[in-house]
Each structure stands twice: as C-alpha cells, then as structure tokens.
Amino acid sequence: MNYNFREIEAKWQKYWANNETFKASNNSDRPKFYALSMFPYPSGAGLHVGHPLGYIATDIYARYKRHKGFNVLHPMGYDSFGLPAEQYAIQTGQHPAITTETNIKRYREQLDQLGFSFDWSREVRTSDPKYYKWTQWVFIQLFNSWYNKKSDKAEAIADLVSIFEREGNAAVEATSDDDTPTFSAEDWTSFSEKTKQELLLKYRLTYLADTEVNWCPALGTVLANDEIVNGVSERGGHLVIRKKMTQWSMRITAYAQRLLDGLDTIDWPLPLKDSQTNWIGRSEGASAIFNVIPNKGEESQHQIEVFTTRPDTIFGASFMTLAPEHDLVAQITTPEQKEAVETYVEATAKRSERDRMADVKTISGAFTGAYAEHPFTKEPVPIWIGDYVLAGYGTGAVMSVPCGDQRDYDFAKHFNIPIPNIFEGIDISEEAFADKEKTIIANSDFLDGLPYKKAVKRAIFELEQLGQGEGKINYRLRDAVFSRQRYWGEPFPVYYVDGMPQMIADEHLPLELPEVEKYLPTETGEPPLGNATVWAWDIKQSSVVSNQLIDNKTVFPLELNTMPGWAGSSQYFNRYMDPHNDEAIYSKEAIDYWEDVDLYIGGSEHATGHLLYSRFWQKFLFDVGIAPKDEFAKKLINQGMITGTSAFVIRLVVNITKKWEEGKPLDNRTIAQIKPIDRNTFISNDLITVPIKIRAVRENISHLFSDEDRVYLDKEKYNINFNDIELIHTDVSFVNASDELDIEGFKKWQPEYKDAKFIKSDGKYIVRREIEKMSKSKYNVVNPDAICEEYGADSLRLYEMFLGPLEQSKPWNTAGITGVHSFLKKLWKLYTTIDEGSEPSAENLKTLHKTIKKVEEDIENFSFNTSVSTFMICVNELTAQKCTSKAILEPLAILVSPYAPHIAEELWEKLGYSTSIAEASFPKFEEKYLIESSKEYPISFNGKMRFTMELPLDMGKDDIEAAVMANERTQAQLQGRTPKKVIVVPGKIVNIVG
RNA sequence: GCCUCGGUGGCGGAAUUGGUAGACGCGCCGGAUUCAAAAUCCGGUUCUGCAAGGAGUGUGGGUUCGAUUCCCACCCGAGGUACCA
C-alpha cells in the first residue's frame, strides 16, 4: 500500500479533535510545560507559508515535551481587533465582527490542516467581549494604582488618598506628572472633588493627558510616524498637523528601571534585549539650570533646565539650543530676532519628527537674541533654537558643548559660534572629541586636570552647591499613549462626570462595543464611537442608554476612544491558563500551576511593542498580587522571516526624442508629435543585463511598432533610449522553477496586459527575481494550502524546518519539497513488513541510537533543520540494512512523531497500538550501542588531511605514530623528508609536521 | 553613525569543546527500468588538472602542530535604531 497522506492526515486530525488528545489539565502530577506561539491577527489574506514556521517549531517542542512526560499547555487564539477589518468596514459597510469571524474560520481551517497539537478548548479572541472584559478590568486596576518609588511597586490609589489626607504629598515619592504641585493635608481636604480627581490623575498608572499627535484633519484621525510621508498622509496625501489631544496614557515610565533589570533574568535573544534596552534608553548624567539674563526693561527671571550626560564638559558650553517648540522660545526672543525665530519655528512645525531626526546633513537654527548666564563662569551664553533638539526628549533644551559633541560642533561651525577647547592635549580643529576614556579636562576652573569620571562627580557636586542642578538618571522611554480614534478596539470602561473620568464598576463589565452607522470619524472630528446613538452611561440602572438621555446627573457620556492593538495582547498568555473564567481574569489555582510561559516563539518585529508592554502589564499584575511571576516568559525565540521570491516583468520605457536639427530648435508642436512611450512591451530579463543584446533589441524592435510609429525608429532623426525600464510585480504562480513566464497566464491576469508584447530570448520570457518580504501586494505569497494538497502537512512541516535554522530569515522556494516528501515515502516503505520477533542487528541498533541522541540534542537546542537530515540518514541506513525489526521501528516512529505527527500515528497503529502516539515515552538513548573498536584516523600533513587509516581505538599514542609512519602513503607524502613533529590525538587525528 | 545578525558549492544549508570542510536535500550530469512518460532505483557532482597533485569557507593579517570555528583590521549584505544630549 502506498503512502496515502491525504487519507492519513484527515483521519488523524479527526481523531485528535474527537478524542481531545491535546487538551491540557490544570492539575496533574506531571511537571508542567507551557509552550506558546504568538497568536496571529486573522487577516483576510489567510495564512501564508511564513506564518506556520514558528507554530511548527513550537508544536514540535510541545509534542516532544509530551513524550518526555510533561503536562503540556499549547494553546492558540486570535489577536482579532485591528485596523484592516476596520478599513474594510469603512469601504464596504460590513461589520468588522463579521469579517473577523470569516477570517478566523479560514485561519482555523488552515491551522487544522497542519496538524498542530493545540488545545483548542482554550482558544481566546481579543475581540470577544468575554475576553475584553478582562482587558477593561486590567485597565481599571491600572487606573486605581499609583507607583510608590519607596516600595518600588504599584500600590492602591486609595492608600495614596489616605496619605494625602494625613500629610499632603510633600513626602510622597511617586512617579507622577512633572507639573504636580506640592500640597498639605489641609490643602487636600479643602480641594473640590474635581481638583482632587485632577491631582490623582497625575499619579494614576493610566491617566488622561494632553499629548502631541500627528493629526490629519481630512482623515479625522491620528497617524503614526510611518503613515506620514513628506509631511502628508501616506493614504491620500492629506495635510498633517501636530496637535495636542487629550488621550489616555500608560505610565510605563514608572517601570523603566525594572523593565531594564528584568532583562537579565530572562532567556531572550540578545538582539531583542538590546532593542528593549535602547528603547528604554537609560542615561546617567545631571540636570543643570541656566538662568536667562533678562532682556532690557524686563523683570521676569526665566530658567532653562537642561539634561546632560557630560556635566564634566560644562565649561565648554558656548551656547544653548532649545527645541523650536520649547515653551520659553516666545518669551525670551528679543524683538530684533522675533521675525527670524518665528519663521524658523513655523518651518520646523511643518517637518515631521521623523524628518527632523533622519536629516543629519542639513544644519539649521535661529538665534533668539537672548542670553543665559553660565552657572560657573557667569558669562553670557547665547540661546539658539535648532530642530536637532527634540521637544519630547529630556527637557527639550541642551547646553551645547561644541568641542565635545559632533552635532554641537557642526552647529557652531555653521553659525560661527566660538568652540572653546576644554580638553588637555586634544586637537579639535577638525572635529569634536567625544572619547570619555581619554578625557582630561582643561580650561575649566575647578575641573582642570580631572579625568572624565572624577570631573563628572565634581561638576555635579558644584552644581548642587549652587542649587543649580543635580545628578539625574534620564530615560528615553515615554509614557505610552493608549487612546485610538478607532472603532474596532476595546471600549474604555469610562464615563465622564464634570469632565472627570469615572470607571464603570467591575460587575458591569464588559462594556460592549456599540453599533454604529458608519465606521468613520464624525463630522465634528470625534472618533467613530461618536456615531453611536446609544452610548451613554446610566449610573442608576448601571447600563448603556441612549445619548439623548444624557443629563449629567444620572446619565453621562461614555469615552469615545478605544484601546490600541497591544491592549488585548498584553495579558493573553495568562488568560489561556483559565480562559473561560467569568469570575476572575483567571483563578489563582490556574496561574499558580502554570505560572509562566516556558517557551514563547514569535517574530522579532514585536520587540518593542507587544513584548515591552506585556512585560509592563505583567510587572503591574505581579505588584498587585495577581500574577506570581514578574516576567511572563522564561525563554523566547524569534523565528526568522520567510521571505518571498518576487517575480518581475520588465516593461520597456522607450524614450523617443527627436534629434536636434541644427538651427531649428524643437518647437512645442514637434515635441507634441513625438510619440508617447510604448507602455506595453516587456523585455526578457537576460537581455537587459547584457548591453550588446540591448543593441540587438533596438534593431529587432521595429516590428513591435505600428507603421505609424516606425518612423520614430529612424536612427538619423530620433534618439531612442532603451535604458529606462520599469519593474512590475507579476504573480509568482505564473513563473516556473527556471524563471520562465507563463505568457498566456500573465496576459489573462489583468486586463491591461491583454495585448502585451514580449521580447523573448530563445523563445522564452525570463522574469527578474528578487527576495522581498512576503506580501499580497508583491504577488509573491505562497499559500500552504496548495502544498498540503500536493504533498501533505507532514511534508510541509518537515520542509519548513529543513529550510534552515529557525532564527534565520530565508527565502521560500518550493523546489526542495520533493526531497522531504520522498523521505516520508521511504519511511513508510520501511514499515511494510514489521517483524515482531526479530532481533535487531548491532547495525540497526547503532543507527537507531545515533538518531535518538542527535534528535534529542537537536530539539533541546531548537536545531530542527538538522534533525530532519538525521531522519533521512537514519531511514537511508535502515533501508540499506533491510531492517524489519519492531524493536527498531517502534522507537523510530516516536522520534519522528513531533515533526511528522500524522504519518507517525498511522505507523503507530500499524505497529499494533490502538491509542495515540502522542503520549508514548520518548526512546532512551543508550551509549553502549555506539561503542566502536576502531576508528578511521585522518592522517594530515601540516594540517591538511591526505588519507585515512583504520586503527584500533585502544591503540596508544606511540603505536599509532609507529603504524602511521610505517604506512607507505606516509612515506609517499614525505618524499624522503624527516618529519619535525608528529601530533597524535588518540581517537581524533594524526598530524605530521615537516 | 551606532547596535545586532550574517557572508561556506549552481541553490537551501551541515560541520558538538579548535581536529577528515561541503553531511542531508534540491538542481544538474550519466545510467537502469519503461513502447513512452510519471514514479522508482544506481552512480557522479567545490574549483582546477588527463592524472598525480594543488587550491579552497567575504578580504588581509595573527595565534596554533592544526582555524569555517579564537584574536585584530577591513569589505559586503540584512534588520533595528537615531540629531537621545
């Protein structure tokens, strides 16, 4: 009987579903193992071959751990809130819930087809009200908490209120807004309820604040930096302005240090840790206060606070630079400089932040006319503004030390500002000197002669003495904006009384998304929820009621923003532990049993989004006693991206220009006469690369033009330029393994190519190929369905692993799949006759145990590609040995089962078992079968292997040397020379030097 | 610029602590089987050379009896990040 994978795979997928083979129990005597893949966003395009890569790896590991006797939790779900469904809704009016449901169905079919050992009874969907009830609940917990720096953890806001009542806020050390005023207990009790609420918002871990955003009035929405191109929206090219908006923020900055420290306790890839470290961006330095010298006739005394990592260079500060948006700019600018400054500020406002950051070459700025007093020298220091200083970072102001910072140096050079040298023995005529190690400070009063570290300490000390500064640790990390002006996200459980946010009580959650007519922002610029007519909170009934009932006495308006994409994914890994619990986010028993994720596999693109926010939420949940671990995943692996091999047809852009005739300049009529470019001719890629062939094309192209056009091919009169080509993506399904285009298929593909003409080479049209990210818009997506249909899921699983190391990105190429498929056929054949009683030969046992050892090591090291090779070698050897012994074939089936579970189950059944192979024990490796008595010694000369010699393994060093020297091939190599030295490493190698 | 990862046959890749470079698979070449094809099986396949031999893991150095592996400098590619003070 042949290997009928279609029948086998369908049979076992059904069996696993019916028997709930992979259902995990929340209590077990066996040790627990939690294996998790990052859950997908169910897009309309379905799964492509890149998605399953990580899932297969996790699945292999999960199945392996089951064989090893673990109680394995291996769940899957959907990150089902998101923008694509909403955009589709805007275009078609279709409710996002409906498209999402359809997409999930398709994902489920595709996932089921691949034979994953998921416990589907635990599926979660972030857009399910039963799930987002708990997302809202966590939000409320954050709202009801503040960060106590003394205990270094989150605490209840009620406790903070009692501190305020007792002693005011002077002694409170909390992470709070910068503008938090100091107040006494008496002040607090005298404050109105609204003032109290306002003050508490400055402490809450989620709070309302005015945040600067990229607002696009035409789209009625906020755009991300990468949605803006050249100052206008990527979609539609509309104007984008920077605007302050009141939005929910998460006080993640409270956790900056702990997020940094926690990285040392988890086994995550170094690049990922590095990018989180950079994102948090801790820098040690000092803050320094510069007093602004009042302009003539002014009374006011302004101060500028700067943060610097180099307080040791303070005597080198020859100017200050403020961000153009800095609050003081308007106040300190002198009348003479007003125009220049305003022009510059205006110009800066038009540039996106990304623009300003990316452009290192253009140096621009303006002088405010004002001066600050240097804290130590008391000399006046000119105050400039420059767009290289960002308002959002630090204090939005820097003390500029041109001799020690290249950007300051370039700025000073450009504007002819003096560059005082404060480094001993350093030439700064060409560039700034930023090497801290070699620094010896000079021309700096009390800092003279000090090295970097000592100078920093001393400078901070002196600043503190003056009362004009202190040592400070600064973080680049910003509080995370948590509001989105979208429909398809979690509603905030928030209503407003007198403009102050109030939380809906836990027992009334979830607050479900309202129905709306349109998914666009309202005409007045409110988020889509502003379209809802039943979206007000009745505190008496504790329910959502019509907006018309809003009286601000018992019925209040609800929040119109929704939560961002990362809200739902920030605690889903915990929810899987107890996914159907309606009483709590999860039971204590469940999380005390599963604790944390043992293995988490997913893409590195989530390094600073999902993975940083999740760690933040986990630490918070830990602080408030809801999670037992303050890191949620012990080990994390980033699977590499599977890239696509895009195919391009090359459109000739034939520029035809009339040759200039002497004495007759081209008039407009002649230019108009020049024929437009031929837009419909495609040239084979191999012709493009060779200039000589281009000429051949030029001579052979005339037949492609109509008679009318042919005149333009007259070389005497016209210049024809073939150099311009356009690459156009074509669907990879029209291209075969030799890069040859199916011309008829291409012509039918899209109407504009119906009459396309092709310049072929040897009768073929060859496409250009390039490796790119796999994406629908690049027409390079390869779908797993077709591969499953043709070769089966087991082949696909093996092949995805066989492609290369898990972490590395690699291009998809279906060509090699026949290799793993024929391996499965050979494996199948091996089980044609199973000999119950036959004793395995020594050879059989050696092959088997070699394989057990290697495969076990490979799985533990996540080196799945090499185990596939090992299986191939094993099956090749056993086939050659004509092995039929059950004692060999049975453990082999278990070894293969994590990788190719369907065929393994079927073989298991053939071996006489009536239960699933999933729980069978992993075979035990026994060294004794691998012990050899002799070894093929490589005999090398000066490190180069020349031949091998079989010698007993128990032979001593001297005997080996004697045997090797006596060999005639040794003598032939030496050609009469006497070796200088003979290195013998018993069991390894012989090296003859000389 | 900085950080991280990578560079090995025609291709994907292998090489456990420094010890036989190119396992395994694809492709290609040759052969068997077949009326033919598919499928299957056998042999070959880093380069150079008729061969003996020689060269060879991005480049140049170094350490070592011996380097894909360790060290130094550089080149190239990918990803991330940024006037971060």
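Just so we're on the same page: letters track the sequence lines, and every chain starts at 1. Values below: every heavy atom of this structure, side chains too, minus hydrogens, waters and symmetry copies. For clarity, every value in this text was computed on a predicted model and none was experimentally measured.
Checked against the 6.0 Å centroid threshold, A:F319 and A:F411 count as a close aromatic pair.
Helical stems in RNA chain B, defined as runs of 3 or more consecutive Watson-Crick or G-U wobble pairs with donor-acceptor distances under 3.5 Å: B:1-7 with B:75-81, B:10-12 with B:24-26, B:27-32 with B:40-45, B:46-48 with B:53-55, B:58-62 with B:70-74.
Under the 4.5 Å side-chain criterion, counting only non-hydrogen atoms from C-beta, A:Y899 is in contact with A:I859. Considering only heavy atoms from C-beta on, A:I903 stays 4.5 Å or farther from A:F5 through its side chain.
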Indicate for each nucleotide in nucleotides 36-56 of chain B, in 5' to 3' sequence, whether protein heavy atoms under 4.0 Å reach the base (B), only the sugar-phosphate (S), or nothing (-).
-> ---SSS------------S-B

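Here, B:U63 and B:A67 have their P atoms 12 Å apart, quoted to the whole Å.
The nearest whole Å value for the distance from the CZ atom in A:F871 to the P atom in B:C24 is 17 Å. In this structure, A:I280 places its CD1 atom 15 Å from P of B:U81, rounding to the nearest Å. In this structure, CD1 of A:I989 is placed 15 Å from C1' of B:U17, rounded to the nearest angstrom. Here the P atom of nucleotide B:C26 and the CZ atom of A:F802 are 8 Å apart, to the nearest Å. With rounding to whole Å, A:Y799 atom OH is found 10 Å from B:C26 atom P. Across the protein-nucleic acid pair, A:I983 atom CD1 and B:C65 atom C1' stand 4 Å apart, rounded to whole Å.
Within residues 849-867 of chain A, the residues that have a heavy atom under 4.0 Å from RNA chain B are, in order of number, A:E857, A:N865, A:T866.
When heavy atoms are screened at a 4.0 angstrom cut-off, A:T818 is found touching the sugar-phosphate backbone but no base atom. Backbone-only engagement by A:P805 is indicated by non-hydrogen atom pairs under 4.0 Å involving sugar-phosphate atoms exclusively.
Phosphate contact (OP1/OP2 of B:G25, side-chain N/O of A:N876, threshold under 4.0 Å): present.
Taking every side-chain heavy atom of A:T308 into account, B:A85 is the closest of B:C3, B:A85, B:G19.
For the pair A:F307 and A:N991, nearest-nucleotide mapping onto RNA chain B gives the more 5' position to A:N991.
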